[in-house]
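Here's the structure we're looking at; comments come further down.
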Amino acid sequence: MPSNAEAAELFRNIADLLDVLGERFKPEAYRRAARSIETLTEDLERVSARGELGTIPGVGEAIAEKIREYLQTGTIPYYERLKKEVPPGVVEILRLQGLGPKTARRFWVELGIEGPGELADAIAAGRLDSVKGFGPRKIELIREALAAARAAPGGAARMPIDQAYPVAERIVRALRERSRLDRVEIAGSFRRRRETVGDLDILVTSEEPEKVFDTFSALPEVAEVRLRGGTKETCILSNGLQVDLRVVEPGAFGAALQYFTGSKDHNVQLRTIARDRGLKVNEYGVFRDEERVAGRTEEDVYASLGLAWIPPELRENRGEIEAAAHGTTPLLVGESDLVGDLHVHPPESATASDIDRLLSEAQRRNYAYVGLVVGGLRGDDRAWSLAPSALARLDGLGAKGLRVFRCLETGPDGSLPSLPVRSPDYAIARPTRRSGAPGASRSDEIPVRLIAHLSGGNAESAESARRWVDFARAASAAVEVGPGPERFDSNWARVAREAKVRLAIPTGLDAGPGDPCLPIALGFARRAGAQAADVVNAGPGPTSPRRRLTSGR
DNA sequence: GCCGTTTTCGGCCCGACTGTTTTCAGTCG
């Protein structure tokens with residue numbers, strides 16, 4: 001079945017081909033449509049069936065027609081025609097680091113070079129030496145780009161945010177320790193809490209940019225300095241992640257933070273609004289003619305455009321700017337709203353003192369309750385439960401304002417084993433990739449309160465994730481959002497929100513300090529526009545999970 | 001190719017950095 005991701009890639013390919021053919025504005029139009037299609041929470045098929053393709057930002061009549069062709073036949077005649085005009089290798093050259101459409105086209109048209117292999121041969125034969133615009137340094141860069149492409153076909157992949165998070169934290173800590181910095185922020189898709197990040201954009205204010213760059217370049221994680229100027233340095237880490245470090249002056253910090261947080265489409269929309277008001281927005285501030293009218297803080301920047309400040313997680317040009325103009329930006333759930341955790345997973349071998357440690361951490365955070373997994377079915381379908389001593393430790397707990405729930409995790413088909421656990425409070429359904437739909441459960445005996453570890457990031461499981469959301473709604477259960485390849489991603493958190501299914505945010509109670517689970521899960525929920533009332537383990541108010549849980553039994 | 005209470009035609013973000021230049025083009029984000 002054709003997927004949105006495939007359609008988006010197809011339009012990106014069309015954009016590349018148009019680039020090489022020398023088109024001016026069409027490539028960006030196709031890329032914009034591709035970005036919009038990628039962030040849809042619904043299959044194109046459904047949108048098309050309603051006749052609403054034209055409502056997708058960046059999709060007009062021409063691209064809508066191509067989407068319909070693609071859905072019906074799996075191909076787009078226009079794309080097939082373009083592919084016949086351009087040798088496939090020319091597009092590969094276009095995708096080399098540091099090379100763009102102009103250069104790829106020149107190689108193709110002027111020198112008859114139709115692929116990376118021919119380009120390498122041409123360099124070896126010295127054919128580029130006499131070509132205008134190609135000095136020794138540039139030829140060397142092309143040689144390096146060819147080698148990099150051979151080493152990593154398809155280019156550097158985006159990194160899951162839970163992998164990038166600890167790296168980012170380490171770099172920021174090291175920069176703070178080793179040079180005098182006033183402010184440090186990580187911008188980009190990291191700050192917007194996308195599931196994956198392409199690079200890290202770090203902004204700092206400092207009187208001594210040179211020293212900051214020296215410090216940064218000398219960090220053990222840094223494998224290569226790609227470029228360095230007066231305000232910006234780009235490095236590649238040994239794990240392949242690219243990091244851009246920018247030094248900005250304090251009066252422009254808010255403007256730079258706004259600018260480099262993006263998203264691109266959000267910024268384009270802001271600049272359009274600015275232009276309509278006779279203003280200009282760039283990374284140095286908001287300007288009326290020569291005068292800077294805002295820039296020190298992000299709040300100033302948005303206010304100067306008549307907008308309320310917009311949380312980074314919402315900046316995807318999906319209606320958040322209109323909401324900010326009308327004062328209807330939602331008050332998103334925050335860490336301080338969390339009042340407990342429904343899904344804390346002690347290790348199978350946990351002792352009574354391990355349990356005590358978990359619970360005292362919960363008390364330190366002023367949580368009202370903790371749901372402890374005390375047994376269930378493992379991934380290999382074998383039953384497990386906590387040791388009797390640990391289970392015994394749970395009896396008689398619950399004083400001092402902390403309520404402890406005992407819960408069981410189901411197997412992939414929803415089944416629960418018989419376990420020596422007295423009156424469990426609820427079950428956590430734990431789908432896996434091989435379980436296409438919720439199976440029979442003992443929900444008549446134990447209510448299912450949570451769907452956890454739901455995978456939904458990839459196209460083939462999209463429909464199964466939707467079925468789990470439906471199941472959650474029918475069972476009055478919440479759906480857990482969190483990082484990791486087997487977890488529910490933020491697009492699916494939006495699907496749950498649209499279906500009026502509550503989210504649950506894992507708090508990392510069972511992990512050590514510095515664990516990225518909580519900030520990332522919180523970010524995913526916020527990307528879905530979740531307010532405290534939409535999150536089952538956030539309070540206060542009549543929607544408090546504690547009340548829901550106790551009244552439901 | 002898209003888009004619009006300035007426009008249904010004529011715009012389309014803009015600045016840093018690099019290399020090859022003698023004033024700028026290409027790429028990137």
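Throughout, protein chains are lettered first and strands after them, A, B, ... in sequence-line order, and every chain is numbered starting at 1.
Between B:dG29 and B:dT23, the distance separating the two P atoms is 29 Å to the nearest Å. Straight-line distance between the C1' atoms of B:dC13 and B:dT27: roughly 15 Å, to the nearest whole Å. B:dG10 and B:dG15 are spaced 24 Å apart, taking the C1' atom of each and rounding to whole Å. Across B:dT21 and B:dA25, the matching P atoms stand 14 Å from one another, rounded to whole Å. Look at the C1' atom in both B:dA16 and B:dG11: the space between them is 25 Å, to the nearest Å. Using C1' as the reference atom, B:dT6 and B:dG1 are 22 Å apart when rounded to the nearest Å. As rounded to the nearest Å, B:dG19 and B:dC12 have P atoms that lie 30 Å from one another. With both ends at atom P, the span from B:dC9 to B:dC14 equals 25 Å, rounded to whole Å.
Closest contact between the side chain of A:Lys102 and the listed nucleotides B:dC17, B:dT27, B:dG29 involves B:dT27. Closest approach to the A:Pro101 side chain among B:dC2, B:dT27, B:dT18 is made by B:dT27 (side chain taken as heavy atoms from C-beta onward).
Heavy atoms of A:Glu283 sit under 4.0 angstrom from primed sugar atoms or phosphate atoms, though from no base atom. Within 4.0 Å of A:Arg24, counting heavy atoms only, lies no atom of the nucleic acid at all. Among the heavy atoms of the strands lying under 4.0 Å from A:Lys280 are primed sugar atoms or P, OP1, OP2 only; no base atom is included. Heavy atoms of A:Thr234 sit nowhere under 4.0 angstrom from any nucleic acid atom. Backbone-only contact: A:Lys138 has heavy atoms under 4.0 Å from sugar-phosphate atoms and none from a base. A:Tyr284 comes within 4.0 angstrom of the backbone, heavy atoms only, and of no base. Using a 4.0 Å heavy-atom distance criterion, A:Leu18 is classed as making no nucleic acid contact. Contact annotation for A:Arg228: backbone-only contact, meaning every heavy-atom pair under 4.0 Å involves sugar-phosphate atoms and none involves a base.
The side chain to side chain contact (heavy atoms under 4.5 Å, CB included) test applied to A:Leu21 returns A:Leu82, A:Glu85, A:Val86, A:Trp108, not counting sequence neighbours. Under the rule for a side chain to side chain contact (heavy atoms under 4.5 Å, CB included), the partners of A:Val172 that lie at least two apart in sequence or sit in another chain are A:Arg176, A:Val184, A:Ile186. For A:Phe190, the ring pair (Phe, Tyr, Trp, His ring centres under 6.0 Å) criterion is met by A:Tyr165, not counting sequence neighbours. Scanning for side-chain hydrogen bond (donor to acceptor under 3.5 Å, both in side chains) contacts around A:Glu207 gives an empty result, with sequence neighbours left out. Residues forming a side chain to side chain contact (heavy atoms under 4.5 Å, CB included) with A:Leu40 (at least two apart in sequence, or on another chain): A:Asn4, A:Leu44, A:Ile56.
Atom P of nucleotide B:dC17 and atom CZ of A:Arg226 are separated by 16 Å, given to the nearest angstrom. Atom CG in A:Leu141 sits roughly 12 Å away from atom C1' in B:dT20 (whole-Å rounding).
No more than 12 heavy-atom neighbours from other residues, nucleotides or ligands sit within 6.0 angstrom of CD on A:Glu9. For A:Glu335, the CD atom sits in a loose shell: 12 or fewer heavy atoms of surrounding residues, nucleotides or ligands are nearer than 6.0 Å.
Between A:Thr272 and B:dG11 there is no side-chain N or O to OP1 or OP2 distance below 4.0 Å. Contact annotation: A:Asn282 side-chain N/O to B:dG15 OP1/OP2 distance is under 4.0 Å. Residue A:Thr103 places at least one side-chain N or O closer than 4.0 Å to OP1 or OP2 of B:dT27. Between A:Lys66 and B:dG1, a side-chain N or O to OP1/OP2 separation shorter than 4.0 Å is present. Distances shown here put a side-chain N or O of A:Gln242 below 4.0 Å from the OP1 or OP2 atom of B:dG29.
Paired regions of DNA chain B, where each region holds three or more successive Watson-Crick or G-U pairs whose two hydrogen-bonding distances fall under 3.5 Å, are B:1-4 with B:9-12, B:14-19 with B:24-29.
Side-chain to base pairing of A:Tyr259 with B:dG29: one donor and one acceptor N or O lie within less than 3.5 Å of each other.
Annotation: cation-pi geometry satisfied between A:Arg246 and A:Phe260 (NZ/CZ under 6.0 angstrom from ring centroid, within 45° of ring axis).
Between A:Arg271 and A:Pro57, the residue anchored closer to the 5' end of DNA chain B is A:Pro57, taking for each the nucleotide with the nearest heavy atom. Of the two residues near DNA chain B, A:Val281 and A:Phe134, the one whose nearest nucleotide lies more 5' is A:Val281.
Remark: ring of A:Phe25 does not overlap the six-membered base ring of B:dC2 in a stacked fashion, as centroids less than 5.5 Å apart with planes less than 30° apart are not both met.
For A:Thr75 and A:Glu80, the side-chain atoms include at least one donor-acceptor pair closer than 3.5 Å.
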